[in-house]
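The structure appears right after this line, and notes come after that.
Letters A, B, ... are given to chains in the order of the sequence lines, protein chains preceding strands, and every chain is numbered from 1. When reading the values below, keep in mind they use all heavy atoms of this one structure, side chains included, and skip hydrogens, waters and symmetry mates.
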Protein chains: 2
Amino acid sequence: MTIAPEATERLMTPGEVAAMFRVDPKTVTRWAAAGRIGSIRTPGGHRRFRESEVRTLLDGLTSEAHA
Amino acid sequence: MTIAPEATERLMTPGEVAAMFRVDPKTVTRWAAAGRIGSIRTPGGHRRFRESEVRTLLDGLTSEAHA
DNA sequence: ACTCAATTGGGTAATTAGGGTG
DNA sequence: CATGTCCTAATTACCCAATTGA
């Protein structure tokens, strides 16, 4: 059985996001607590992050050498 | 909400719910066992979840980034 | 009656949350 | 002010074999 891809956003765990930014998972948690990044909590209290938002944030923080 | 098309409540499998929260299907089972989410049992013992309840739950646990 | 994917159950590692500190 | 590390408690992930669903 399959799920509609449009209806399902891809989510990431704190560890995955932390690895992406090269920071400690705790730091990602702080970002979420500070409202700098949207988060989805599991009923158990763990956080999940939207992959699209993480990528967007990563893009926004990316400073390129001037062309 | 405007109209209820049918009294038919769409049911979701543990795997579908798990994909929505980015967790293991077994974790969804624990939520049901802990009463954190309502569940319907098939005569064979398998669990099914109300699509509307899952969506409401997911929505309530979602927080957007501000600024 | 058969196949095949998914779910169930129990048990054990790995990850995460939260507070306090450097 | 932001990040990293230490701690404990809680939640979640992966292992197995057997049953259920379509």
Side-chain angles (χ1 to χ4, degrees):
Chain A
M1 92 173 34
T2 43
I3 321 166
E6 304 89 5
T8 305
E9 292 212 55
R10 199 146 53 170
L11 300 179
M12 301 180 64
T13 64
E16 291 172 339
V17 179
M20 214 172 240
F21 282 89
R22 283 298 206 170
V23 294
D24 197 272
K26 185 85 167 184
T27 300
V28 179
T29 294
R30 290 187 227 254
W31 293 343
R36 279 193 275 269
I37 183 174
S39 64
I40 297 175
R41 305 269 252 170
T42 68
H46 286 201
R47 293 185 181 87
R48 298 281 115 101
F49 305 92
R50 302 175 196 273
E51 188 212 23
S52 59
E53 189 177 349
V54 172
R55 272 196 302 211
T56 298
L57 181 58
L58 198 53
D59 269 5
L61 296 179
T62 301
S63 53
E64 25 185 292
H66 61 69
Chain B
M1 288 310 146
T2 49
I3 50 166
E6 281 304 323
T8 303
E9 183 67 69
R10 185 146 54 151
L11 298 180
M12 302 181 65
T13 64
E16 289 173 334
V17 180
M20 274 190 165
F21 283 89
R22 186 38 169 107
V23 294
D24 195 272
K26 177 124 8 190
T27 300
V28 180
T29 294
R30 291 199 207 93
W31 295 343
R36 291 191 235 239
I37 183 175
S39 63
I40 313 275
R41 309 274 298 211
T42 67
H46 287 198
R47 295 184 181 81
R48 297 284 117 94
F49 305 90
R50 299 182 184 282
E51 190 262 352
S52 61
E53 184 179 355
V54 173
R55 209 161 34 183
T56 300
L57 178 62
L58 183 60
D59 220 58
L61 293 172
T62 300
S63 55
E64 301 288 338
H66 59 71

Single-linkage hydrophobic cluster A:L58~A:V28, side-chain heavy atoms < 4.5 angstrom: yes
Whole-Å gap separating C1' (C:dT16) and CH2 (A:W31): 16 Å
Qualifying ring-ring contact (aromatic ring centres under 6.0 Å, His included) pairs with a residue from residues 48-67 of chain B, counting only residues at least two apart or across chains: none
Nucleotide C:dT12, atom P - distance to CG of B:D24 in whole Å: 18 Å
Overall bend - the helix from C:dT3-D:dA22 to C:dG19-D:dC6, comparing terminal axes fitted on five pairs, nearest 10 degrees: 60°
Contact list for DNA chain D against residues 41-48 of chain A - heavy-atom distance below 4.0 Å: A:T42, A:G44, A:H46, A:R48
Pairwise side-chain contact, A:L57 with A:V54, heavy-atom cut-off 4.5 Å (strictly under): no
Stretch residues 54-63 of chain B: residues that reach within less than 4.0 Å of DNA chain C through a heavy atom: none
Which residues share a salt bridge (charged side-chain N to carboxylate O under 4.0 Å, His left out) with B:R30, sequence neighbours left out: none
Backbone N/O of A:G38 and side chain of A:E53: donor-acceptor pair under 3.5 Å: yes
Residues that A:E51 engages under salt bridge (charged side-chain N to carboxylate O under 4.0 Å, His left out), provided they are two or more places apart: A:R10, A:R55
Table of protein N/O atoms under 3.5 Å from nucleotides 19-22 of chain C N/O atoms:
residue: C:dG19; atom: N7; partner: A:K26; partner atom: NZ; Å: 3.3
residue: C:dG19; atom: O6; partner: A:K26; partner atom: NZ; Å: 2.8

First and last nucleotide of DNA chain D, 5' to 3', lying under 4.0 Å from heavy atoms of chain B: D:dT11 to D:dG21
Under 3.5 Å, side-chain donor or acceptor atoms of residues 13-22 of chain A against the rest of the protein: list the pairs with distances, not counting sequence neighbours.
residue: A:T13; atom: OG1; partner: A:E16; partner atom: N; Å: 3.3
residue: A:E16; atom: OE1; partner: A:T13; partner atom: N; Å: 3.0
residue: A:E16; atom: OE1; partner: B:R22; partner atom: NH2; Å: 3.3
residue: A:E16; atom: OE2; partner: B:R22; partner atom: NH2; Å: 2.6

In one Ile/Leu/Val/Met/Phe/Trp/Tyr side-chain cluster, 4.5 Å: B:V23, B:L61: yes
All side-chain contact (heavy atoms from CB on, under 4.5 Å) counterparts of A:S52, not counting sequence neighbours: A:E9, A:R50
side-chain hydrogen bond (donor to acceptor under 3.5 Å, both in side chains) contacts in which one or both residues fall within residues 36-47 of chain A, not counting sequence neighbours: A:S39-B:S63
Short side-chain N/O contact from B:T13 to OP1 or OP2 of C:dA6, under 4.0 Å: no
Contacts of type salt bridge (charged side-chain N to carboxylate O under 4.0 Å, His left out), residue B:R48, not counting sequence neighbours: none
